Amino acid sequence: MAKELKLMKGNEAFAEAAIRAGSDAYFGYPITPQSEVIEYLMAERPYDRTGMVVLQAESEVAAINMVYGAAASGKHCLTSSSSPGISLKQEGISYIAGAELPCVILNVVRGGPGLGTIQPSQADYFQATKGGGHGDYRLIVLAPASVQEMADFVKEGYELAFKYRTPVMILSDGVIGQMMEKVMMFEQMPRISDAEIAEKYPWATIGKPKSRERNIITSLALKSDEMERHNIHLQAKYKTIEEAEVRVERIRCDDAEYAFVAYGSSARICQKAIEIARAKGIKVGLMRPITLFPFPKKEVELMTQKVKGILSVEMSAGQMVEDVKLAVNGRVPVEHFGRFGGNIPTPDEIVKALEEKIIGG
Amino acid sequence: MVFEDIIKTENLVYKKTSFMTDNTLSYCPGCGHGTAHRITMEVLEELGLAENTIGIAPVGCSVLAYDFMNIDMQQAAHGRAPAVATGVKRCWPDKTVFTYQGDGDLAAIGTAETIHACNRGENITIIFINNGIYGMTGGQMAPTTLPGMRSSTSPYGRDVETMGNPLRITELVAQLPGVSFVSRQAVHTPRNVRKAKKAIKTAFELQTQKKGTTFVEIVSNCNSGWKMTPVQSNQWMEENMFPFYPLGDIKVPEK
């Protein structure tokens, strides 16, 4: 398949990109608002197109453990779900992080807690960026703000996952998953061959030839000194990721006196809010973190030299705002504005919040 | 006889398979795990499959199976081994993939993964060690603990009224069309070891023929958890476990 311009839903773009990125396998379980991912994949017959396996598992728990097995044998694999399903996957994600396996996990976030709502939300920020499951670990978290990024981040996610041998989460939401936009779909990439896996991933469990020691994929270390060493190794890896992999987009920040910090669909809405605010003479810009872990701490800190106040806009009761505050460290006022429980803020509400909480505050 | 005489070919009656490591087994003296490990590895060696096999270790006493089995191994979360094995096998259909699981892992927390992997007829082999107790965590009641049997969480005996009946999951699995071979064996006597090894061999042969899931239960002892000597535990197993979990082939492929 050549590079082509298409009109697609975010979830479909992710699924098509999964095939084109050379995935070996997708394991999933239906849940609104992301069921289009597995529906699209099943309809596309990826096995005939590229040899990619698609399997509907009996649960999210099983699906993430299928990912564990496939990733541990050196394959490019991915799964997707939405909030309650991602909670179920947390056990497996912790094992995958502990065993240092590369994979891509999509969360099309809906409102919670509990069964919550099927409407969009960004209330899984803490879960995604602070670990989520048990133990000291981090995921690389990419936050798409367009259908284009739903596609591109599959490819980028694999690159990061294999570069660091770590799971990558694409933290989307019900808006980005469900909306249709044009997307430039990248051309089909080849799947990696079995011989290449043996050569490029010497850690993979694919059967032990006489020529090497056996490979063991595990997250277990019964001796505490050994487990501490493993944790130190993981932390060093996360530190490297924090130094090397921050991605951020700045919109109209050059002359800005105030700033929004927002990711995903909130960042899209903030762009409209900027237009409204600027028409009123308020010079506001947007800093959009593309990586939520690593969080753009230095970039946010640097921004405080120019702006008088920052409004963190999220579809949550206030999660990312804690990271913004840590980065700002009291230099300028930081406030949160959010709608949640499945509701989406309007641009006017955001401008009003900026005026009341930051400018007038 | 000196050592040099003993190792002469004509005197050699038994040789440890190189697919078992030289690590000291972590199992209690008298436990059946070591034998079950060894015959599994012997079968893989005899069938010429060991170098293309990926084994999945569970959570439980055999969590460290990868310390003893000298093949590529993955360690799975509690109960999830059949899902992990599915992930491997779907991506590597020509490799041999097996899980090695205890009763708590396979028949309690992993029931869904077990039933559904079997129901899909995944081309994997499941080796199920049933000793009616949670050994590693210190002898708690398992889904397979017999009625009236004492454990640390059924100190007055398993009361089926409040704790439920033991689960014969092997019979359940045998009902599923995706499963081609189901056998229940033991490893407490040389005769039983031979029969168990034969069943494991059949299971792996059928896997290479892509006949669907193959499932071998090994009813075993847990002398530590049962608070008995190894000899007493084997006798107790024969008198109590075998009537409830009768040995033999439960499902064989149609000729």
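A, B, ... follow the sequence lines: proteins, then strands. Residue 1 opens every chain. These numbers were taken from a predicted model, which means no experiment stands behind them.
- Looking at B:Ala76, only its backbone comes within 4.5 Å of chain A, counting heavy atoms on both sides.
- For the options A:Leu222, A:Asp194, A:Thr218, A:Asn215, heavy-atom pairs under 4.5 Å to chain B are most numerous at A:Asn215.
- A:Gln34 and A:Asn11 share no side-chain donor-acceptor pair at under 3.5 Å.
- With a 6.0 Å cutoff to the six-membered ring centre and a 45° limit on the axis angle, B:Lys251 does not count as a cation-pi contact of B:Phe181.
- Of the two parts of B:Thr21, only the side chain, counted from C-beta on, holds a non-hydrogen atom closer than 4.5 Å to a non-hydrogen atom of chain A.
- Looking at B:Asp67, the atoms closer than 4.5 Å to chain A (heavy atoms on both sides) sit in the backbone and in the side chain alike.
- When heavy atoms are compared at a cutoff of 4.5 Å, A:Ala204 approaches chain B solely by way of its backbone atoms N, CA, C and O.
- With respect to chain A, the highest number of heavy-atom pairs below 4.5 Å among B:Ala57, B:Ala77, B:Ala112, B:Gly55 belongs to B:Ala77.
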**Prompt:** Would B:Thr125 and B:Ile127 satisfy side-chain contact (heavy atoms from CB on, under 4.5 Å), going step by step from the backbone distance to the final call?
**Reply:** CA-CA 6 Å; B:Thr125 296; B:Ile127 296 170; 4.2 Å; yes

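- The contact between A:Leu55 and chain B is made entirely by side chain atoms (from C-beta outward), counting heavy-atom distances below 4.5 Å.
- A:Ile197 touches chain B through its side chain: at least one heavy atom from C-beta onward sits under 4.5 Å away, while N, CA, C and O do not.
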**Message:** As a quick check of understanding, evaluate ring pair (Phe, Tyr, Trp, His ring centres under 6.0 Å) for A:Tyr137 and A:Tyr238, giving each step before the final call.
**Reply:** CA-CA 8 Å; A:Tyr137 75 90; A:Tyr238 303 144; 7.7 Å; no

**Prompt:** Would A:Leu106 and A:Thr79 count as a side-chain contact (heavy atoms from CB on, under 4.5 Å) if you check the C-alpha gap in whole Å, the side-chain angles of each, and the deciding distance to 0.1 Å?
**Reply:** CA-CA 6 Å; A:Leu106 169 68; A:Thr79 185; over 6 Å; no

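- Side-chain contact annotation: B:Glu217 with B:Thr170, donor-acceptor N/O pair under 3.5 Å present.
- Under the 30°/60° scheme for interplanar angles, the aromatic rings of B:Tyr100 and B:His37 are found to stand perpendicular.
- The most heavy-atom pairs under 4.5 Å with chain B, out of A:Ala70, A:Ser59, A:Ala63, come from A:Ala70.
- Residue B:Leu64 touches chain A through its side chain alone, counting heavy-atom pairs closer than 4.5 Å.
- Atom OH of A:Tyr95 and atom CD of A:Gln90 lie 13.5 Å apart (nearest 0.5 Å).
- For a residue to count as touching a neighbouring chain, one of its non-hydrogen atoms must lie under 4.5 Å from one of that chain's; by this rule B:Ile71 touches chain A with the backbone only.
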